[in-house]
Amino acid sequence: MTMTSNINDSLAGAISLALKELYGIEQQPADVVLQETRRDFKGDSTLVVFPYVKQARKSPEAVAAEIGEAVKKALPEVSGYNVIKGFLNFEIADNYWLQFLAEKASDPLFGLAAVDAKAAPVVVEYSSPNTNKPLHLGHIRNNLLGWSVSQLLAAAGANVKKVNLVNDRGIHICKSMLAWLRYGNGETPESSGMKGDHLVGKYYVEFDKHYKDEVKQLMESGVEEEQAKREAPLMVEAQQMLKRWEEGDKEVRALWEKMNGWVYAGFDETYNRLGVGFDKVYYESQTYLLGKELVQKGLDMGVLFRKEDGSVWCDLTGDGLDQKLLLRKDGTSVYMTQDLGTALLRHNDFGAERLIYVVGNEQDYHFKVLKLILGKLGFSWADKVYHLSYGMVELPNGKMKSREGTVVDADDLIDEMEKTAEEMSREHGKNDELCEEERKHLYHILALGALKYFILKVDPTKNMLFNPAESIDFNGNTGPFIQYTHARIRSIVRKAGDLSEFSTLNSQFSIGEKERGVLKVLHSLPDTITAAANAYSPAMVANYAYDLAKAFNSFYQDTPILREENAQLKAMRVSLCAAVAGALKNTMNILGIEVPERM
RNA sequence: GGCUCCUUAGCUCAACUGAAUAGAGCAUCUGACUACGGAUCAGAAGGUUGCAGGUUUGAAUCCUGCAGGAGUCACCA
């Protein structure tokens with residue numbers, strides 16, 4: 001006998017049938033809600049019968065008992081049931097769990113859906129940095145989320161394409177360029193020994209400093225603040241530079257290319273360390289013109305309008321919003337203009353089923369407007385745009401502020417984590433067999449395991465607090481705890497050698513509570529991945545991996561595995577170990593976290 | 001000020017579409033090692049789920065009001 005369906009599906013089907021036969025209640029199997037039986041009660045799967053008692057015209061206890069009896073008769077996998085108030089707890093036979101282990105959980109790809117490469121892709125945009133300063137903690141959450149959500153959707157069967165949209169043009173870039181010209185003395189990454197993105201960032205800060213001085217001086221000479229900000233010579237010059245850039249001025253373009261090149265080299269290094277990547281990279285410098293064309297089209301269609309000063313707007317007052325600027329009076333484009341263009345381009349490039357944007361919740365308004373304007377421009381696919389809006393990262397002493405120097409730099413943070421991982425490993429590790437290079441790699445994956453898990457375990461939609469001290473913790477609900485569990489299991493499996501696969505046919509044993517506990521967590525993996533993908537929530541996967549590791553550790557602590565004398569039982573336990581290791585590896589992989597063989 | 005979101009143990013976080021006694025980790029305290037890897041496990045303590053109402057057989061979850069916090073309302077991105 002081979003297993004065809006999941007026990008919960010069987011239960012739902014049988015319950016649906018029983019409801020109809022006993023009480024004439026029409027309830028589709030898909031609508032039958034089953035939940036895991038709470039630890040304190042006997043059973044594996046629970047049906048709450050309260051919703052049916054009114055129609056059944058019987059007491060909750062009676063309804064539960066009648067359904068229980070009918071389901072038990074219908075399904076051989078149900079070994080029994082018990083009723084407590086309106087809760088019907090089904091008990092699932094050992095054989096079901098053993099068969100599940102042998103036939104499903106042992107598959108290295110258990111829980112992962114096959115990807116149809118021909119299906120319309122789901123395009124995930126994430127990272128999308130500005131090229132005027134290096135990546136910081138906020139970008140880290142974005143990058144980890146983007147990568148992980150992509151992995152997650154793929155695990156659920158989607159044909160995912162990861163894209164990055166580099167914001168390589170605009171007034172902010174001009175600020176860095178201008179400051180470098182003025183104050184840089186020809187400094188380069190080579191001459192300074194600085195990473196390119198950090199060097200350019202330094203001049204962005206430099207601009208701000210001098211600009212503020214100018215504003216202050218103007219105000220002291222009696223100019224109003226607003227006017228001073230607008231008319232400070234540095235600002236005027238930066239704007240002129242942007243204009244020259246848009247006109248294709250050779251000198252400006254050459255400098256722009258040089259400095260952006262520095263930044264890209266720096267970014268690539270950071271992306272590599274974070275273990276993220278893209279299928280396609282867009283540059284706004286190559287796409288913003290399309291946005292301008294769209295604006296012209298909108299004007300022709302009459303859904304946009306031009307003001308007297310020449311600026312172009314979209315009127316959204318009918319949608320309860322404001323008017324939105326799309327082109328400045330000097331004809332240069334703004335953020336929204338570009339995003340309109342890139343959305344169209346991306347739609348044309350991929351014929352996407354969904355366009356997902358991993359962008360912070362500070363831009364909720366922007367995306368609301370983006371979808372509205374796309375709709376007004378007549379694009380039926382506007383509703384395929386999905387803003388995966390994630391919360392801000394805060395520090396124990398409040399928000400990150402560049403002015404106050406509280407920005408946590410991505411590269412520094414990774415350095416810190418790696419140092420700590422090395423210290424921890426030297427103290428606790430069992431890695432004598434590893435060579436120097438392997439050890440370096442180990443420190444790296446432990447450091448990133450800690451960092452990634454710390455960030456991804458939190459519900460993406462919520463703001464989170466990043467406590468540096470806790471993020472490098474290796475105990476409790478952390479990445480390294482799960483990595484450790486994996487390494488330990490792999491050690492057992494290696495020692496077990498090639499035990500012949502256990503067979504459920506002649507198994508002469510019953511499974512213990514701890515084993516059943518682990519099997520049940522394993523069993524819920526496919527459902528967890530589906531639910532997590534629907535919710536775009538790597539956090540659900542992270543918490544799953546932790547639950548599995550904990551269930552396993554508890555089992556491991558008081559159950560002999562290699563010391564077990566009953567060969568069948570031993571084989572089953574080794575098989576269980578291997579299955580858990582596989583599930584940990586796959587779920588951590590969704591989070592972008594590598595698991596080591598030893599640590 | 002308008003709009004959006006948030007508030008769960010001392011701290012950081014869970015709780016899938018409303019269901020049994022709201023769960024973990026950290027920190028604190030107590031146990032378990034000549035170990036199939038102790039970076040572990042077992043246990044104790046810790047809660048009026050911001051406050052006040054309402055809907056429901058049943059509310060952390062849904063509705064209303066209030067308080068506190070965040071974001072946004074740019075010719076920045």
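These values consider heavy atoms only, across backbone and side chains, with no hydrogens, waters or symmetry-generated copies. For clarity, every value in this text was computed on a predicted model and none was experimentally measured. By convention in this document, chain letters (A, B, ...) are assigned in the order of the sequence lines, proteins followed by strands, and residues within each chain are numbered from 1.
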Review point. On a whole-Å scale, what distance lies between the C1' atoms belonging to B:A22 and B:C13?
Key: 14 Å
Exercise for review: Using whole Å, report how far CZ of A:Arg563 lies from C1' of B:G37.
Suggested key: 12 Å
Review point. Is the aromatic ring of A:Phe41 within stacking range of B:A20, meaning centres under 5.5 angstrom and planes under 30 degrees?
Key: yes
Check your understanding: For RNA chain B, whose closest nucleotide is more 5', that of A:Asn463 or that of A:Thr46?
Key -> A:Thr46
Check your understanding: Any Lys/Arg nitrogen of A:Glu225 or A:Lys229 sitting under 4.0 Å from an Asp/Glu carboxylate oxygen of the other?
Key -> yes
Check your understanding: Ignoring hydrogens and angles, are the base of B:C75 and the side chain of A:Asp309 linked by a donor-acceptor pair under 3.5 Å?
Key -> yes
Practice item. Using only side-chain N and O atoms of A:Asn475, determine if any of them is under 4.0 Å from OP1 or OP2 of B:U40. Key: yes
Review point. A:Lys430 has an atom NZ; how far is it from atom C1' of B:A39, in whole Å?
Key: 11 Å
Practice item. Answer with yes or no after comparing the ring centroid distance for A:Tyr453 and A:Phe481 against a 6.0 Å cut-off, counting only values under it. Key: no
Practice item. Identify whether a stacking contact exists between A:Phe87 and B:A19, where the ring centres must be under 5.5 Å apart and the planes under 30° apart. Key: no
Exercise for review: Answer with yes or no after comparing the ring centroid distance for A:Trp245 and A:Tyr288 against a 6.0 Å cut-off, counting only values under it.
Suggested key: yes
Review point. Using a cut-off of less than 4.0 Å, is there contact between a side-chain N or O of A:Tyr484 and OP1 or OP2 of B:A39?
Key: yes
**Study point:** Gap in Å between the two P atoms, one belonging to B:A52 and one to B:A9, rounded
**Key:** 16 Å
Review point. Does a side chain donor of either A:Ser176 or A:Asn132 reach within less than 3.5 Å of an acceptor in the other side chain?
Key: no
Point to revise | Whole-Å gap separating P (B:A74) and CG (A:Leu327) | key: 18 Å
Review point. Can the ring centroids of A:Tyr52 and A:Tyr23 be said to lie less than 6.0 angstrom from one another?
Key: no
Practice item. Please determine if a side-chain N or O atom of A:Arg38 lies less than 4.0 Å away from the OP1 or OP2 oxygen of B:G23. Key: yes
Check your understanding: OP1, OP2 of B:C41 versus side-chain N and O of A:Asn553: anything below 4.0 Å?
Key -> yes
**Study point:** Given RNA chain B, 5'-ward residue of the pair A:Lys495 and A:Met392, judged by closest heavy atom
**Key:** A:Lys495
Check your understanding: When rounded to the nearest Å, what value does the distance between C1' atoms of B:G23 and B:U8 take?
Key -> 11 Å
Check your understanding: What integer distance in Å separates A:Asp558:CG from B:U40:C1'?
Key -> 12 Å
